[in-house]
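So the structure is just underneath, and the comments pick up after that.
Residue numbers run from 1 in the order of the sequence given. Values in this document were obtained by computation on a predicted structure and should not be read as measured data.
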Amino acid sequence: MCGMASAESTQASVHEREPVRPTKEDEVAAAGSELIGGPLGRRALLGSSWWTPVRVIALVAIGMFALGLVQKAPCYNGAWFFGASSQYTHACYSDIPHLYQGRGFADGLVPYFDRLPGDMQYLEYPVLTGVFMEVASWLTPGSGTIQDQEQWYWMVNAGMLMVCAAVIVVCVTRTHARRPWDGLLVALAPAAALTATINWDLLAVALTAAAMLMWSRGRSLAFGVLLGLATAAKLYPFLLLGPLMVLCWRAGRWREFGTALGGAIVAWVVVNGPVMLFAFEGWSKFYTFSQERGVDFGSFWLIMAQNSDDPLSTDTVNTLATLLMLVCCAAVAALALIAPRRPRFAQLAFLIVAAFILTNKVYSPQYVLWLVPLAALARPKWRDFLIWQACEVAYFLGIWLYLAYTTSGEAHKGLPADGYHWAIGLHLLGTLYLCVMVVRDIFMPDRDPVRRSGDDDPSGGVLDGAEDVFVLGPAARPRRQVADARCDGPPVEWGKPGPTGGSL
């Protein structure tokens, strides 16, 4: 297999090789490096100064986050407060200032326990996100006009979310020990900078990234606890347990999976239990709202509804979306069991979250944050990552221009429905494109940037180099070889135990 060591030699030498340099193996990274002096030479002294990759990437991420705050300046200076459509024409909308008063924080109401005035009777966010919002309200000065308070509330939340952004890039940078510079994909992601302060999703993303780091270090209990906390902040992180179960099934690592699952359940119950017991109606609002919510922005369901004389009911869409997601789950499970080599954890984690996004009845622009760290770990290839990000930036602009069109009255400033449907299509195609690249890497590991450099599954923890105990299809043959006609070296024998008892 081109660029990859044999199964016998890889395990013995994996800890001796130097870190992977993206400018050496990625043509786009090499071309981009010309802006800062060109690719690193072989005599570069890496890690010999204060400017380690982790610190450099964290500072880049903070700089990009700051640029995202600057992009919100037109709204901060008035568009959030004056004129219905100006916050959309400037593409700087954020839920944060609007919900400060709209969800009772300005009046000191306690989330989930105190009923809200208006149509939304209780806070419609998971408990840990509600705690995050409440803590930010405690740090917001209660003096001045309501506009001053909302501006302060947004700034306080932005500061807390910036910490989450730094945690994300540090965790991604450390997850693949030999590939620290892949963290730049996350730090420089334009869609992430644009959407970071729209809502509170970065909290769940940070906890999920920390959980992935813990699993890569073999700390299954810490992984489970962090993933349970992430699920208490946003629903999507629990999806990662499905791919992990199948991978542990293939590797016979049931004990570690059971530890992770137990930790996740306990952590989720510790956070949610008190609110469930004493304010069940408020606690359940997130789940009932998600079920009752109709077809909304960003989904292919919306395109169907807006082009149909008899759109599907919400219940029908819920049923069909659930069935589609179950089909995707079955496909990911089959992929994990029939692939010539057990897929990397990050690859399946990306695919399952992407499937949820593609089949869901709503896609808010900040949902891209869920995928950014997983994409950097699953497919650390600059060309593909930037193609996907370009599609997401186009969608980011498309949804605000569409809302500007619908809120500008007879002026019709912005993008009509047909144009918005094209923006949705770009988002769907960009995500599907990255999914196809990941699936190709799974079936053809010599195309996987991580495995080409000689690693097996650096984010896999106990799965890294583990021997298969249950496989299906052609992968179950006693001797499995993957060869590339372009290579002169011996073929790689997937699943054959190496000198350390593992396999590659």
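Side-chain contact check for I424 versus F300: every heavy-atom pair is 4.5 Å or farther apart. Looking at heavy atoms from C-beta onward, V225 lies out of side-chain contact with V266 at the 4.5 angstrom threshold. Put simply, the side chain of P340 reaches to within 4.5 Å of the side chain of F443, judged on heavy atoms. Under the 4.5 Å side-chain criterion, counting only non-hydrogen atoms from C-beta, R103 is in contact with M120. By the 4.5 Å heavy-atom criterion applied to side chains, N360 and Y236 are not counted as neighbours. Taking 4.5 Å as the limit, some side-chain heavy atom of W254 sits within range of a side-chain heavy atom of W249. Two residues are said to be in side-chain contact when any heavy atoms from C-beta on lie closer than 4.5 Å; L320 and L312 meet this criterion. I198 has its side chain within reach of F396: a pair of non-hydrogen atoms, C-beta onward, lies under 4.5 Å apart.
Side chain to side chain, Y367 and D201 fail the donor-acceptor criterion of an N or O pair below 3.5 Å. Side chains of D448 and Q347: a donor on one and an acceptor on the other come within 3.5 Å. Between the side chains of N318 and T316, not a single donor N or O lies within less than 3.5 Å of an accepting N or O.
The heavy-atom pair separating T314 from Q291 by the smallest distance is CG2-O, 3.8 Å. Closest non-hydrogen pair, V169 versus V186, comes out as CG1-CG1, 3.7 Å. The two residues V156 and A136 make their nearest non-hydrogen contact at CG1-O, 3.7 Å. Closest approach of P458 to D464, counting heavy atoms only: N-OD1, 4.2 Å. Contact between A230 and T208 at its shortest, heavy atoms only, is CB-OG1, 3.5 Å.
Here R179 pairs with D182 in a salt bridge; the nearest charged N to carboxylate O distance falls below 4.0 Å. Between D455 and R178, at least one side-chain N (NZ, or NE/NH1/NH2) sits under 4.0 Å from a carboxylate O, which counts as a salt bridge. At a threshold of 4.0 Å, the pair D456-R341 counts as salt-bridged, since one of the basic side-chain nitrogens sits closer than that to a carboxylate oxygen.
With rounding to the nearest 0.5 angstrom, the CG atom of L244 is 9.0 Å from the CE atom of M212.
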Verdict with supporting geometry, Y125 and F132, ring-ring contact (aromatic ring centres under 6.0 Å, His included): CA-CA 10 Å; Y125 288 86; F132 190 95; over 10 Å; no

Pair L358-L324, side-chain contact (heavy atoms from CB on, under 4.5 Å): steps then yes or no: CA-CA 10 Å; L358 291 170; L324 278 176; over 6 Å; no

M160 vs L203, side-chain contact (heavy atoms from CB on, under 4.5 Å): CA-CA, chis, key distance, verdict: CA-CA 9 Å; M160 295 167 65; L203 172 62; over 6 Å; no

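With hydrogens and angles disregarded, no donor-acceptor distance shorter than 3.5 Å links the side chain of Y122 to the backbone of E281. Within the 3.5 Å criterion, the main-chain N or O of A466 finds no donor-acceptor partner in the side chain of R253. At distances below 3.5 Å, not a single donor-acceptor pair connects side-chain atoms of S299 with backbone N or O atoms of Y363. Between the side chain of Q389 and the backbone N or O of A191 there is at least one donor-acceptor pair closer than 3.5 Å.
Taking the six-membered ring where the residue is Trp, F223 and F345 present perpendicular rings, their angle passing 60° and hence far from 30°. The aromatic rings of F350 and W388 sit perpendicular, their planes meeting at an angle over 60°, well past the 30° parallel limit. A parallel orientation is assigned to the rings of F356 and W370, their planes being inclined by less than 30° (bins at 30° and 60°).
Within 6.0 Å of the CZ atom in R440, the count of heavy atoms belonging to other residues, nucleotides or ligands exceeds 12. Within 6.0 Å of CZ on F278 lie no more than 12 heavy atoms contributed by other residues, nucleotides or ligands.
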